[in-house]
**Q** 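I am attaching a structure below and will ask some questions about it afterwards.
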Amino acid sequence: MTVLEIKGLRAGVDGKEILQGVDLTVRSGEVHAVMGPNGSGKSTLSHVIMGRPGYEVTGGSVTLDGVDVLALDTWERAQAGLFLALQYPTEVPGVSVEAMLQASFEAGGRDAAEVPALVGAEAARIGFADRFLGRDLNVDLSGGEKKRNETLQLGVLAPKIAILDELDSGLDVDALRDCSRRVEQATKETGLGVLAITHYTRLLRELKVDRVHILVKGQIRHTGGPELADELEVDGYAAYLDPEEPAAPAAADPFADPFGPGPFA
Ligand code: ADP
Ligand code: MG
């Protein structure tokens, strides 16, 4: 049994506090959804857990089975069993997905010779065409293909806890079903614990959620069961916002418009 425990987490960028005391515990086999308006700090939470440079942690703790995650380098967090499927997967010219996974296996003392067969098996499981596998990591892949690529990496690496930052954005209906089903299977097969950031219940059709948390302005304002996700889809976040606070305007989906604003617009 693995436990990711986030306690009173406060973090920000350039002196601006974005996370204002987040408490969240994810155990093996559990699926937690984090939902919330644009700009509420969902991606920041995922980045801070994984150790993306540029964020300053100003309070609280993150532990994985009691180990202080915040004291580890990002690669050490990955080796400890944390995985992040990025909202905007990074393109890495010159490095194939297989080479990246082999390097990860080697760093973790696993047999890198197993990687090609595992990649093939995972690609088949989620219907990811072989022709993508030889390409440089995420280069020349569509938004949806990048998300399948993230899911493939999750399948091969078999982490203990996966954070999925809007895995559903950019995926068509079939890809969404394949990817969310694969993650659900991992919760059963390897006891994967999941923290799924999403705006839509469609991700949660195959991926069976245990708890739904509403993040507003860097704080979890409310937690409920699966029914909460359905309520939010109908009623929106209005009931959870400050009365004086107008709902944030919807940010442009960068996958919808390649010339649109970047992720922090
Ligand atoms: P969400 O994923 O919930 O939409 P984010 O975590 O991406 O929200 O962003 C929360 C807030 O913090 C936004 O106002 C965003 O502009 C700001 N922010 C996040 N990361 C950075 C960064 N690296 N530099 C500057 N501002 C950032
Ligand atoms: Mg985000």
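FYI, side chains are in, hydrogens and waters are out, and symmetry mates aren't considered; it's all heavy atoms of this structure.
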**Q** In sequence, state the C-alpha distance, the side-chain angles, and the governing distance for Leu86 and His47, and then conclude on side chain to side chain contact (heavy atoms under 4.5 Å, CB included).
**A** CA-CA 9 Å; Leu86 289 162; His47 291 148; 4.2 Å; yes
**Q** Does Asp242 come within less than 4.0 Å of Arg221, counting only side-chain N to carboxylate O?
**A** yes
**Q** Please check if the side chain of Arg27 supplies one atom and the backbone of Gly193 the other of a donor-acceptor pair under 3.5 Å.
**A** no
**Q** If you define the side chain from C-beta out and look only at heavy atoms, does anything of Met50 sit under 4.5 Å from Leu82?
**A** yes
**Q** Show the numbers, then the answer: is there a salt bridge (Lys or Arg N to Asp or Glu O under 4.0 Å) between Lys42 and Asp165?
**A** CA-CA 8 Å; Lys42 302 182 299 297; Asp165 193 357; over 6 Å; no
**Q** For the pair Glu122 and Arg182, find out whether any cationic side-chain nitrogen is under 4.0 Å from an anionic carboxylate oxygen.
**A**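 Yes, this pair counts.
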**Q** Please determine whether a side-chain nitrogen of the Lys or Arg among Glu166 and Lys146 lies less than 4.0 Å from a carboxylate oxygen of the Asp or Glu.
**A**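 Salt bridge: no.
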**Q** Taking Asp172 for the side chain and Asp174 for the main chain, is one N or O donor matched with an acceptor at less than 3.5 Å?
**A** yes
**Q** Does Asp65 reach the main-chain N or O of Val3 with its side chain, forming a donor-acceptor pair under 3.5 Å?
**A**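 Yes; judged by distance alone, with no hydrogens or angles, the pair exists.
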**Q** Taking the side chain as everything from C-beta on, heavy atoms only, tell me whether Asp136 gets closer than 4.5 Å to Val95.
**A**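 Result no, sub-4.5 Å side-chain heavy-atom pair not found.
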**Q** Before we go on, tell me: are the rings of His32 and His213 under 6.0 Å apart, centre to centre?
**A**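 Aromatic pair counts; centres sit under 6.0 Å.
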**Q** Should the pair Glu184-Arg181 be classified as a salt bridge under the 4.0 Å nitrogen-to-oxygen rule?
**A**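 A salt bridge is absent here (no side-chain N lies under 4.0 Å from a carboxylate O).
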**Q** I'd like to check Glu56 versus Thr58 (side-chain heavy atoms, cut-off strictly below 4.5 Å). Are they in contact?
**A** yes
**Q** One thing to verify: whether Asp140 and Arg135 come together as a salt bridge, which I'm taking to mean a side-chain N less than 4.0 angstrom from a carboxylate O.
**A** no
**Q** Will you find, in the side chains of Lys160 and Ser28, an N or O donor that is under 3.5 Å from an N or O acceptor?
**A** no
**Q** Within 45° of the axis and under 6.0 Å from the centre of the six-membered ring of Phe105, does NZ or CZ of Arg110 qualify?
**A**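 Geometry flag: set, cation within 6.0 Å and 45°.
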**Q** What pair of heavy atoms forms the shortest contact from Gly36 to Tyr237, and how long is it?
**A** N-OH, 3.1 Å
**Q** Would you say the side-chain atoms of Asp68 and Thr63 include a donor-acceptor pair closer than 3.5 Å?
**A** no
